[in-house]
Amino acid sequence: QVQLVESGGGLVQPGGSLRLSCAASGSIGRINDMRWYRQAPGKERDLVARITRIGNSYYADPVKGRFTISRDNAKNTVYLQMNSLKAEDTAVYYCNVLIQSALLGPERDYWGQGTQVTVSS
C-alpha cells in the first residue's frame, strides 16, 4: 500500500549536476528517516546520505561537500541534489524510507525502484 517512485537520473558529464527525487504515496502515516543508497556494478549497496524527521542530515565521505539531501514532508518526498559529479558516482541510486503507517502500527522500510546515474564524458 506504499509506493516509492524515483526520478531524476540520467547521463551527465563530469562536473555536472543532477537532482534525484523520491516520492512516497499510499498508506502513509509518519515518515521517519529518509535515505539514499547507491550500488555500482560489482559493488555493494552503500549508504549515500540520510535525513531525519527534523532535518538532520548525514553523508558518506565520498559525497561530502557535493551532495545535499533534503525532504519536503508535505509532499512526502526526499531529494538528492548532486553537484560536481564524478565518474565514481556512476551507480543505480535507491531511496529507502522508514514509514509508520498507523499510529500504533509497526515501522516498515520501503525501497524505490532505482534510478540510473551515469557520469561520463
Side-chain angles (χ1 to χ4, degrees):
Q1 295 180 336
V2 174
Q3 298 82 39
L4 301 180
V5 178
E6 299 182 30
S7 62
L11 175 64
V12 65
Q13 294 183 344
S17 298
L18 286 173
R19 191 191 193 202
L20 306 183
S21 299
C22 176
S25 63
S27 183
I28 299 172
R30 181 177 63 195
I31 301 179
N32 295 320
D33 269 22
M34 307 181 83
R35 310 146 181 160
W36 286 98
Y37 290 78
R38 68 185 182 186
Q39 186 169 24
K43 297 184 178 180
E44 297 181 349
R45 185 174 299 186
D46 294 326
L47 178 67
V48 176
R50 60 181 286 258
I51 185 167
T52 69
R53 291 178 61 193
I54 62 173
N56 294 323
S57 58
Y58 305 87
Y59 301 92
D61 286 341
V63 308
K64 286 182 178 177
R66 300 187 297 118
F67 290 12
T68 302
I69 188 171
S70 61
R71 63 190 289 169
D72 187 335
N73 290 336
K75 297 181 179 179
N76 295 324
T77 300
V78 61
Y79 306 93
L80 186 67
Q81 178 67 46
M82 304 184 294
N83 298 325
S84 302
L85 283 162
K86 306 175 181 179
E88 305 92 271
D89 297 318
T90 296
V92 177
Y93 284 71
Y94 300 89
C95 64
N96 175 260
V97 178
L98 186 62
I99 295 176
Q100 185 178 12
S101 295
L103 180 62
L104 299 179
E107 289 183 332
R108 293 187 172 93
D109 66 340
Y110 298 87
W111 289 90
Q113 80 280 8
T115 184
Q116 177 70 48
V117 172
T118 302
V119 185
S120 177
S121 58

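The cationic atom of R19 (NZ for Lys, CZ for Arg) lies less than 6.0 Å from the six-membered ring centre of Y79 and within 45° of the ring axis.
Within the 3.5 Å criterion, the main-chain N or O of G29 finds no donor-acceptor partner in the side chain of Q100. Listed for the E6 side chain is a donor-acceptor partner under 3.5 Å among the backbone atoms of C95. No donor-acceptor distance shorter than 3.5 angstrom exists from the side chain of T115 to the backbone of G8, with no hydrogens or angles considered. The backbone N or O of E88 sits nowhere less than 3.5 Å from a side-chain atom of T90 that would complete a donor-acceptor pair. Side chain of R71 to backbone of T52: a donor-acceptor contact under 3.5 angstrom is found.
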Any chance you could lay out the side chain to side chain contact (heavy atoms under 4.5 Å, CB included) test for L85 and F67, step after step, and finish with the verdict? CA-CA 9 Å; L85 283 162; F67 290 12; 3.8 Å; yes
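One hydrophobic cluster holds both Y110 and M34 under the rule that ILVMFWY side chains link at heavy-atom gaps under 4.5 Å. Residues V117 and V92 are members of separate hydrophobic clusters, defined by side-chain heavy-atom contacts under 4.5 angstrom among Ile, Leu, Val, Met, Phe, Trp and Tyr. Under the 4.5 Å side-chain heavy-atom criterion for ILVMFWY residues, a single connected hydrophobic cluster contains both V48 and I51.
Among residues two or more places apart in sequence or in another chain, the salt bridge (Lys or Arg N to Asp or Glu O under 4.0 Å) test is passed with K43 by none.
Contact check for R45 versus Y94: side-chain heavy atoms found under the 4.5 Å cut-off. Residues V78 and S70 are not in side-chain contact: their nearest non-hydrogen atoms beyond the backbone lie 4.5 Å or more apart. Inter-residue side-chain proximity for D46 and Y37 is flagged as unmet; no heavy-atom pair is nearer than 4.5 Å. A 4.5 Å side-chain heavy-atom check between R38 and V63 finds at least one atom pair inside the cut-off. With contacts defined as side-chain heavy-atom distances shorter than 4.5 Å, the pair R108/I99 does not qualify. In this structure, C22 and W36 have side chains that are in contact, with non-hydrogen atoms separated by less than 4.5 Å. Using a 4.5 Å heavy-atom threshold, the side chains of L47 and Y58 count as separate. For the pair V97/L4, a side-chain contact is recorded, criterion being any heavy-atom separation below 4.5 Å from C-beta on.
In summary, K86 and D89 do not engage in a salt bridge, as defined by a charged side-chain N under 4.0 Å from a carboxylate O. Salt-bridge check for D109 with R35: failed, with every basic side-chain N at 4.0 Å or more from each acidic carboxylate O.
Between S27 and S101, the closest heavy-atom pair is O-OG, 2.7 Å. Between S121 and P14 the shortest heavy-atom distance is N-CD, 3.7 Å. Residues E107 and L98 share a closest heavy-atom pair of OE1-CD2, 3.5 Å. What you find for A24 and I31 is that their closest heavy atoms are CB-CD1, 4.4 Å.
With no hydrogens or angles considered, a side-chain donor-acceptor pair links S17 and N83 at under 3.5 Å.
With rounding to the nearest 0.5 Å, the separation of OH in Y93 from CD in Q116 is 9.5 Å. Residue N73 holds its CG atom at 11.5 Å from CD1 of I54, rounded to the nearest 0.5 Å. Residue S7 holds its OG atom at 8.0 Å from CG of L20, rounded to the nearest 0.5 Å. Rounding to the nearest 0.5 Å places CZ of R53 at 5.5 Å from CG of N32.
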